[in-house]
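Taking it in order: structure first as structure tokens, then the write-up.
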Amino acid sequence: MAREIKIHNNLTRKKEVFQTVEPGKVKFYSCGPTTYDFLHVGNARALVVGDLFNRVLKAFGYDVTFVRNYTDVDDKIINRALEQNKNAIEFAAHWVEEVKTDMDHLGMVPATHTPKVSETMPEIIKMIEDIIKNGSAYVVDGEVLFDVPSFSEYGKLSKKDLDSLQHGIRVEVESHKKNPADFVLWKPAKEGEVSWDSPWGKGRPGWHIECSAMAKKFLGNTLDLHHGGVDLMFPHHENEIAQSEAANKCSFCNAWAHNEFLNFGSEKMSKSLGNVVTIRNFVEKFGGQVLRHVLLSVHYRARIEWSDEVIQRALDEVKRIHEFVIEAKTYKASASTQADEVISNCMEKMMDELSNDFNSAGAMGQFFSFLRHVKGHKDNLSADSLKKVHETIKFVQDTLGLVHAKPESILEDFAKRDQDTSSTGIDAVWIEKLIEERKLAKAEKNWARADEIRKELTAKQIVLIDNKDGSTGWKIQG
């Protein structure tokens, strides 16, 4: 029997016992990335949180069907592909592979299904046809729009009132709409854009309908759990609910969970603000295990404040964990037959934390207390206690992913980084701190300070490399 778990359900704004439509089975959807560029570490948070949910639910005995999509048909993709004179679908396919590389670095467990929008077009068109048939959408010159007032429960997730949403919207800008809040389900193709045949002419889907159709294709009409970043709650998830329930005439999802932002300085990290640290760039410098550790060190519903101190703490803790894991392999059982209660109870305490709305930070705290205790009593472990030590390490590996399958490789990476910096007398953390300060200065258009930082690093024989993906690398001159 699956273990009881409580989830903060944003549909009700309450922490509730997680109930599934079919006992013991979880239909879980997590909004995946839009594939047009390198992902940044803020994007990584949503990926790792979805992976955490999947891992924990499985460890607690649930049969999980986990769907995480790739959005490979989107305005950003099409515009970027046109700029580079490339086919939009081929362009997106390239970035899907780059995303897969990043996810491998983050130690993510494969999802059950990873659909692409471009491969779900028949289901998208069918769902739009059902919405029209059920009286919740209309067609204007080849464009299909969702009739928001036709769905009386619109706003039930975001708690936004339709009247307030419509107030102040310039109706004349989009006079073809019946209501200012109506949103696009299908848009006519423009010259040179990728398109598909439909009952309404050549075109492509709106963003929101894509996830509804992919979720239905693999999970059916009603989901148990839906996850995404807090920025997706409105309008994306609100619109998913409206169009799915209008098409299927039943509840779309029973529990909604949203992870908070990762903050860079006083603002969330985003490409539009230019304050981006890409996953790839971070992994090259510090490793994917360190990034995963940073992202799980704070509860998913709390903001992460990105700083060099946070990174340094994660570096120290990742090294400490993997040194312990390797050392534990050498422990021998003593003659003692007495059970060690701290060791025996740790896994249960970690499960209690993870059962409480996936509290990864609380579980990590329990594990570090366990780690300290084991090291202090390593010469007096009974056979049962030693067995429990290894079971607990495996539990951390399976649920949090904070123990690498090859712990020796993690320490080898640390040794290499230490050697690279010690041999030159270079303080890598100091360099990274100045690079992040320079990015913030550039985002604030403080060009003088940005130039000062570059000169300061140049004086220390450090050459900065500004990459096309918005990240900044560095190398020692010579």
Side-chain angles (χ1 to χ4, degrees), residues 20-22 25-35 46-47 50-51 53-54 57-58 62-74 77 88-89 92-93 95-96 99-100 103 108-134 136-137 144 146 151 157 183-187 194-200 203-228 232 235-257:
T20 58
V21 175
E22 294 182 66
K25 294 186 176 182
V26 179
K27 297 177 181 180
F28 171 34
Y29 188 91
S30 182
C31 285
T34 301
T35 52
L47 291 173
D51 183 62
F53 291 178
N54 183 36
L57 289 167
K58 285 180 175 177
Y62 290 93
D63 178 5
V64 183
T65 303
F66 175 32
V67 178
R68 183 186 56 245
N69 72 293
Y70 294 111
T71 296
D72 66 341
V73 179
D74 177 85
I77 294 169
I89 299 301
W95 288 108
V96 167
V99 168
K100 288 179 180 178
M103 289 194 291
M108 294 176 61
V109 174
T112 315
H113 302 286
T114 53
K116 297 178 182 178
V117 174
S118 61
E119 298 169 352
T120 320
M121 215 53 63
E123 291 82 5
I124 291 171
I125 291 171
K126 175 63 167 61
M127 179 170 271
I128 295 173
E129 288 179 318
D130 289 342
I131 297 170
I132 294 172
K133 182 179 66 177
N134 292 337
S136 289
V144 184
F146 187 87
F151 185 68
L157 176 65
F183 58 88
V184 175
L185 299 176
W186 187 267
K187 56 181 69 178
V194 61
S195 64
W196 288 263
D197 291 326
S198 81
W200 320 286
R204 56 189 171 89
W207 173 36
H208 312 299
I209 193 67
E210 297 171 344
C211 281
S212 285
M214 287 185 284
K216 180 176 180 177
K217 180 177 181 178
F218 293 100
L219 300 173
N221 290 349
T222 303
L223 283 57
D224 298 303
L225 178 62
H226 197 311
H227 157 256
L232 298 183
H236 185 52
H237 290 163
E238 194 70 70
N239 290 353
E240 277 190 62
I241 291 172
Q243 62 204 9
S244 293
E245 296 190 3
N248 303 326
K249 295 297 183 182
C250 63
S251 174
F252 173 49
C253 182
N254 294 327
W256 290 81

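Small disclaimer: the values here were computed from a predicted structure and weren't measured. Note: hydrogens, waters and symmetry copies are ignored here, and every other heavy atom, side chains too, is used. Numbers here simply count residues along the sequence, with the first being 1.
The distance from the CZ atom of Phe252 to the CG atom of Leu219 is 8.5 Å, given to the nearest 0.5 Å. One finds the CG atom of Asp63 at 11.0 Å from the CG atom of Leu57 (value rounded to the nearest 0.5 Å). In this structure, Thr120 OG1 and Asn69 CG are separated by 8.5 Å, a value rounded to the nearest 0.5 Å.
Residues meeting the salt bridge (Lys or Arg N to Asp or Glu O under 4.0 Å) test with Lys216, sequence neighbours left out: none. Partners of Thr35 by side-chain contact (heavy atoms from CB on, under 4.5 Å), not counting sequence neighbours, listed by chain and number: Tyr70, Asp72, Ile77, Ala92, Trp95, Val96, Val99. Listed by chain and residue number, nothing satisfies the salt bridge (Lys or Arg N to Asp or Glu O under 4.0 Å) test with Lys116 (two or more places apart in sequence, or in another chain). In this structure Arg204 satisfies the side chain to side chain donor-acceptor pair (under 3.5 Å) test together with Asp75, Glu193, sequence neighbours excluded. When the salt bridge (Lys or Arg N to Asp or Glu O under 4.0 Å) test is applied to Asp224, no partner is found at least two apart in sequence or on another chain. By the side-chain contact (heavy atoms from CB on, under 4.5 Å) test, Val184 is found to be paired with Glu143, Leu145, Lys187, residues two or more places apart in sequence or in another chain being considered. Remark: Ser136 pairs with Ile131, Phe146, Ser150, Ala246 by the side-chain contact (heavy atoms from CB on, under 4.5 Å) rule, at least two apart or across chains. Partners of Ser195 under the side chain to side chain donor-acceptor pair (under 3.5 Å) rule, at least two apart in sequence or in another chain, do not exist in this structure. By the side chain to side chain donor-acceptor pair (under 3.5 Å) test, Asn254 is found to be paired with Ser251, residues two or more places apart in sequence or in another chain being considered. Considering only residues two or more places apart in sequence or on other chains, His237 meets the ring pair (Phe, Tyr, Trp, His ring centres under 6.0 Å) condition with His226, Trp256, His258. Residues satisfying the salt bridge (Lys or Arg N to Asp or Glu O under 4.0 Å) test with Glu245, not counting sequence neighbours, are Lys156.
Between His227 and Tyr29, the distance separating the two ring centers is not shorter than 6.0 angstrom.
For the pair Asn134 (side chain) and Ala247 (backbone), a donor-acceptor distance under 3.5 Å is present. The backbone N or O of Phe66 sits less than 3.5 Å from a side-chain atom of Thr112, completing a donor-acceptor pair.
Of all heavy-atom pairs spanning Pro205 and Ile209, the tightest one is CB-CG2, 3.7 Å. Across Pro110 and Asn54, no two heavy atoms sit closer than the pair O-ND2, 4.2 Å.
For residues 122-132, the salt bridge (charged side-chain N to carboxylate O under 4.0 Å, His left out) pairs, not counting sequence neighbours, are Glu123-Lys217, Lys126-Asp130, Asp130-Lys133.
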